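Working notes for the structure below.
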2 protein chains.
Amino acid sequence: MANKQGKLIGSVQRALDILDVFNARNPELGTTEIAGAIHLPKSTVAGLIYTLEVNGYLEQNPENRKYRLGYKLAERAGLFLNQYDLRRVAAPHLLALRDACNESVNLALRRGSDMVYIERMHGTNTLGFRSEIGKRERVHSTALGKAYLAFLPQPEILDFVAHHDFEPLTQNTITDAELFLADLACVRERGYAIDDQENELGGRCVAAPLLNFDGRPVAAISISVPLQRMPDTRVAELGELVRRTAAKISRRLGLPHENVG
Amino acid sequence: MANKQGKLIGSVQRALDILDVFNARNPELGTTEIAGAIHLPKSTVAGLIYTLEVNGYLEQNPENRKYRLGYKLAERAGLFLNQYDLRRVAAPHLLALRDACNESVNLALRRGSDMVYIERMHGTNTLGFRSEIGKRERVHSTALGKAYLAFLPQPEILDFVAHHDFEPLTQNTITDAELFLADLACVRERGYAIDDQENELGGRCVAAPLLNFDGRPVAAISISVPLQRMPDTRVAELGELVRRTAAKISRRLGLPHENVG
DNA sequence: GGTTTTGTTCGATATTATCGAACACGATTT
DNA sequence: AAATCGTGTTCGATAATATCGAACAAAACC
């Protein structure tokens, strides 16, 4: 993004690559597997793994000698999340919103081409409890992303569509720049964004942006509902609800200094 | 704590040191401040910071050019937390426990000399939210830690007291090894541990361990209450409650393979 | 507008991470 | 039980590469 001509530190980059190898399908990996995944000799990754392990970013399962992500990540992540007053301000309103519709509600920041969840509350029926905080989804395929984007200054919007890869995630994903801009215009007009299975089949969402004193979006909130419980009539109803809730939170956001994220 | 003769990779260690410089009191730091904190030249940390930033572990506040922890930590932490079936199994019981006493309830793993929170639910009055997941507290000064420790095999307990630094956190913290062992015996007898302002003034906790099929502790749960709402009579009441809840969860923990943490 | 603090650039130096082969350990198989 | 397979670990030589300090540039401050 910037013209900052920085130099990457090789071994640090490789260490971070190791952390990225882990995912939901591969929560535990051995040294050889990790070495294979990042195309480095075993002995090299051994040292990197050891350093990460000593610092708590990896931990070894004594039963199978494999490694998994460590507690230190949770510790540091807690600090990351607490930086955002936003979360504290929004929490009671999200709770009320959740209770009003009894569906999952979300709060997310934009980070580049992704929206990152920083708070999530599920309806009473769904007892998933998976901490999906930190999860990322694309800007262009989510109601969250479209709500955020729609209220940016026009030049930034155009810059986004010019440089963004509109990867189709379902057959409903908007991949055409013109159509996307038209959709954003609709979002502005009606005050909330709609995702009709554009990010995931069987899922519908409505979302609205949180604006600071300047009118600039700093985050977005959404309600996500399985298709079965989300007929067209309810889309408008929940859309209005999320829009009003977002407006209420925005009014509380007299952020004088930072938190613009 | 092993005799594994590993070699630390210097630059990786320094990069991780940078992440550790951030804390609640210093959520944002500039290059010079970071360099001062870890005693390295600015130009060296610049490269490390850049590498961390590119990977999302740090982000720069455009308003003051300072750095703060990045979203990538939350993303990776989500994966860490999801590794523990424990959380999913315990969640409904914790919820019930929370509703039964309307106080904050916690689930924590032991990591070395600390207990690490992996789930936390607050009473309806306290609106604090998930923020404190990942937080660490000492084993010897918390009900969580004492509950966990008390049910370990005796040799491991002795090993712990032999090598642990019983740092006093309040005037109530047990710092004498003999007294500590005596307290653990009480814990075993009554089935739950008590922390009477040993970790923090004004806070009382009761806790009980979660045991796997083997009878080995894998985690602990607790109820933490402000002193004002926790007279001696209620200690016994909530203690029994947390003990019974822990027993219920333990019964569900037929862990055949791992998750021993 | 001048001054101070802060962040960035640059190239020479020597530290230090890398590599591959050989070793040791455990698990699984026959 | 023996043997095999795969895995993780050790080791020293090599060359790559992170480090450093000073000089530069750029904000922030007054």
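Every chain is numbered from 1 and lettered A, B, ... according to where its sequence line falls, protein lines coming before strand lines. Since the model is a prediction, treat every value here as computed from it, not as a measurement.
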Starting at atom NZ of Lys66(A), determine the distance to atom C1' of dG8(D), rounded to an integer number of angstrom.
12 Å

Considering just the side-chain nitrogens and oxygens of Thr32(B), establish if one lies under 4.0 Å of OP1 or OP2 belonging to dT6(C).
no

Can you tell me how far the NZ atom of Lys42(B) sits from the CD atom of Glu33(B), to the nearest 0.5 Å?
12.5 Å

To the nearest 0.5 Å, atom NZ of Lys146(B) lies from atom CG of Leu149(B) at 10.5 Å

Lys/Arg N to Asp/Glu carboxylate O, Glu75(B) vs Arg111(A), below 4.0 Å:
no

Rounded to the nearest 0.5 Å, how far does OG of Ser222(B) lie from CZ of Arg120(B)?
7.5 Å

Between CG of Leu58(B) and P of dG7(C) the distance, given in whole Å, is 13 Å

Could you state the atom-to-atom distance from CD of Glu53(B) to P of dG7(C) in whole Å?
12 Å

How does protein reach along nucleotides 12-20 of chain C, written 5' to 3' as B (base within reach of a heavy atom under 4.0 Å), S (only sugar-phosphate), or - (no contact)?
-----SSBB

For Leu107(A) and Leu210(A): C-alpha separation, side-chain torsions, deciding distance, then whether side-chain contact (heavy atoms from CB on, under 4.5 Å) applies.
CA-CA 9 Å; Leu107(A) 167 62; Leu210(A) 304 187; 3.8 Å; yes

Roughly how many Å is it from OH in Tyr50(B) to C1' in dT19(D), rounded to a whole number?
18 Å

In B/S/- notation, 5' to 3', how is nucleotides 23-30 of chain D contacted by protein heavy atoms closer than 4.0 Å?
--------

Separation of Thr32(A) OG1 from Lys66(A) NZ (nearest 0.5 Å):
9.5 Å

Could you state the interatomic distance from CG (Leu81(B)) to CD1 (Ile133(A)), rounded to the nearest 0.5 Å?
9.0 Å

Round to a whole Å and report the spacing from CG of Leu52(B) to P of dA18(D).
13 Å

Whole-Å distance between dT19(D) P and Ile49(B) CD1?
12 Å

Working to the nearest 0.5 Å, report the span between CG of Leu79(B) and NZ of Lys135(A).
11.0 Å

Asn61(B) CG - dT6(C) C1' separation (whole Å)
15 Å

Rounded to whole Å, please give me the gap between CD in Glu28(B) and P in dT6(C).
15 Å

Report the residues that fulfil ring pair (Phe, Tyr, Trp, His ring centres under 6.0 Å) with Phe160(B), sequence neighbours left out, ordered by chain and then residue number.
His164(B)

